[in-house]
Amino acid sequence: ALAQEQGKLSLTDTVERHVPELQGSALAQVPLLALGLYTAGGLPLQFPENVTDRESMVAYYRQWQPEHSPGTSRRYSNPSIGLLGYITAQRLEAPFASALETHLLPALGMRHSYVQVPSAQRPHYASGYSRDNQPVRVNPGMLDGEAYGVKTTAADLLRFVHANLQPGALEGPLKGAIATTQRGYYQVGDMTQGLGWEFYAYPIPLERLQAGNSSAMALDAHPVADPQVQTGEVLFNKTGSTGGFGAYVAFIPARGQGVVLLANRNYPNEARVEAALKLLHALDDSAR
């Protein structure tokens with residue numbers, strides 16, 4: 001979104017405009033926005049194990065065949081949003097990790113967040129823990145930084161939430177980029193999809209918020225509908241998971257409230273959502 005604000009690309013551009021090797025493929029005419037919204041046609045949750053470098057990545061995208069017409073169905077996908085990150089980095093003429101760590105994260109006040117943890121920060125890099133209680137960290141993978149590779153602190157993640165709660169305090173291009181991510185593009189059940197963020201009319205019952213963050217929502221394809229106009233309060237949220245780690249963010253702009261949860265164990269999404277909603281309710285009670 002920031003690259004668009006800077007005139008480096010447009011989210012209405014097609015994939016083939018930025019990756020000429022994909023001309024003639026099923027992805028050629030897919031707009032970049034569809035990659036960020038998981039509506040390219042059914043790209044899977046993860047790459048196959050044999051995709052390990054740029055050559056095999058391009059070959060995979062060239063042979064991939066959609067299950068749905070672009071823009072009609074949502075299927076959460078790291079290869080989808082990862083390709084958007086890859087293209088963005090190409091347009092910024094910098095490796096994705098470098099562009100993120102040098103430009104975007106510092107502009108958001110996030111000075112202890114990394115894709116590649118520097119040696120000076122390694123003593124502060126926590127291990128996650130697997131189901132059998134073994135220490136683990138994020139495994140390297142194709143487009144891992146673009147899709148899920150940020151390592152951060154609770155304080156930095158709160159700074160990110162604060163920027164989303166009060167984007168008016170940011171510089172012009174960054175303010176516009178935040179607005180782009182908070183726009184609703186389509187709806188699946190109670191959930192309205194933004195770029196990254198997913199949001200709901202608030203208040204919302206626990207069970208319905210859990211349903212929007214369920215395994216079925218993450219793994220299955222769902223037909224999309226035009227977004228409903230939100231006239232009241234809205235809760236933005238997003239889960240994040242890798243082996244041994246779990247995260248959840250929720251915030252309500254109208255109330256100036258937000259919470260972040262980071263855990264070095266992959267707790268179920270339902271438990272994270274329940275804990276966060278309890279915290280938000282407690283904030284409401286304390287404000288009365």
Side-chain angles (χ1 to χ4, degrees), residues 1-18 26-45 66-88 91 104 146-148 160-161 163-165 167 173-202 204 208-209 211-214 216-240 249-254:
L2 183 59
Q4 177 174 255
E5 290 292 318
Q6 295 172 339
K8 302 292 186 179
L9 55 74
S10 170
L11 290 168
T12 60
D13 291 345
T14 59
V15 168
E16 68 177 2
R17 177 172 179 176
H18 299 287
L27 281 168
Q29 294 297 313
V30 170
L32 302 188
L33 182 63
L35 297 176
L37 299 177
Y38 320 114
T39 57
L43 282 164
L45 180 64
E67 300 172 2
H68 312 278
S69 298
T72 65
S73 184
R74 176 195 191 270
R75 186 181 182 191
Y76 191 85
S77 170
N78 286 325
S80 185
I81 200 163
L83 181 56
L84 176 59
Y86 172 82
I87 290 171
T88 301
R91 298 302 303 151
L104 181 57
E146 290 84 344
Y148 56 85
F160 182 51
V161 170
N164 277 270
L165 285 170
L174 194 53
K175 179 169 61 176
I178 291 283
T180 297
T181 67
Q182 292 186 6
R183 186 176 305 147
Y185 294 93
Y186 62 77
Q187 191 137 354
V188 175
D190 293 316
M191 185 272 288
T192 300
Q193 182 71 61
L195 271 172
W197 295 122
E198 299 160 8
F199 55 96
Y200 302 79
Y202 187 81
I204 182 171
R208 293 170 73 172
L209 189 58
N213 288 281
S214 65
M217 183 65 81
L219 299 176
D220 300 338
H222 299 270
V224 306
D226 291 337
Q228 297 177 5
V229 177
Q230 301 287 351
T231 58
E233 295 182 339
V234 173
L235 179 145
F236 289 83
N237 81 162
K238 186 68 182 72
T239 61
V249 171
F251 63 94
I252 308 168

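Small disclaimer: the values here were computed from a predicted structure and weren't measured. In this chain, numbering begins with 1 at the start of the sequence shown.
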Check your understanding: Could you go step by step and tell me if Glu5 and Lys175 meet the side chain to side chain contact (heavy atoms under 4.5 Å, CB included) rule?
Key -> CA-CA 9 Å; Glu5 290 292 318; Lys175 179 169 61 176; over 6 Å; no
Sidechain-backbone polar pair: [X] side chain, [Y] backbone, donor-acceptor under 3.5 Å:
| X | Y | result |
| --- | --- | --- |
| Asn213 | Lys238 | no |
| Tyr186 | Leu37 | yes |
| Ser80 | Leu35 | yes |
| Thr180 | Gly176 | yes |
| Gln182 | Asn164 | yes |
| Ser77 | Pro44 | yes |
| His222 | Ala216 | yes |
| Gln187 | Gly189 | yes |

Of all heavy-atom pairs between [X] and [Y], which one has the smallest distance, and what is that distance?
| X | Y | answer |
| --- | --- | --- |
| Pro227 | Gly184 | CG-O, 3.8 Å |
| Arg208 | Asp190 | NH2-OD1, 2.8 Å |
| Thr88 | Ala3 | CG2-CB, 3.8 Å |
| Leu45 | Ala218 | CD1-O, 4.4 Å |
| Ala34 | Val30 | CB-CG1, 3.7 Å |
| Glu146 | Gly85 | CG-C, 3.7 Å |

Nearest-0.5 Å distance, [atom1] of residue [X] to [atom2] of residue [Y]:
| X | Y | atom1 | atom2 | value |
| --- | --- | --- | --- | --- |
| Leu2 | Lys8 | CG | NZ | 10.5 Å |
| Gln6 | Leu174 | CD | CG | 9.0 Å |
| Thr239 | Glu198 | OG1 | CD | 6.5 Å |
| Leu235 | Ile204 | CG | CD1 | 7.5 Å |
| Ile178 | Trp197 | CD1 | CH2 | 8.5 Å |
| Asn78 | Tyr148 | CG | OH | 6.5 Å |

Point to revise | Results of side-chain contact (heavy atoms from CB on, under 4.5 Å) for Asp13 - residues two or more places apart only | key: Leu9, Ser10, Arg17, His18, Leu32
Exercise for review: Please list, chain by chain and in numerical order, all residues satisfying side-chain contact (heavy atoms from CB on, under 4.5 Å) with Ala179, sequence neighbours excluded.
Suggested key: none
Practice item. Verify side chain to side chain contact (heavy atoms under 4.5 Å, CB included) between Phe199 and Gln230, making sure each step is shown before the conclusion. Key: CA-CA 10 Å; Phe199 55 96; Gln230 301 287 351; 4.1 Å; yes
**Study point:** Validation row: Gln193, Val224 side chains within 4.5 angstrom (heavy atoms)
**Key:** no
Check your understanding: Could you go step by step and tell me if Ile81 and Leu195 meet the side chain to side chain contact (heavy atoms under 4.5 Å, CB included) rule?
Key -> CA-CA 10 Å; Ile81 200 163; Leu195 271 172; over 6 Å; no
**Study point:** Criterion side chain to side chain contact (heavy atoms under 4.5 Å, CB included) on Tyr38 and Arg75, from CA distance to verdict
**Key:** CA-CA 6 Å; Tyr38 320 114; Arg75 186 181 182 191; 5.7 Å; no
Exercise for review: Return yes when atom CD of Gln228 has more than 12 non-hydrogen atoms of other residues, nucleotides or ligands closer than 6.0 Å, and no otherwise.
Suggested key: no
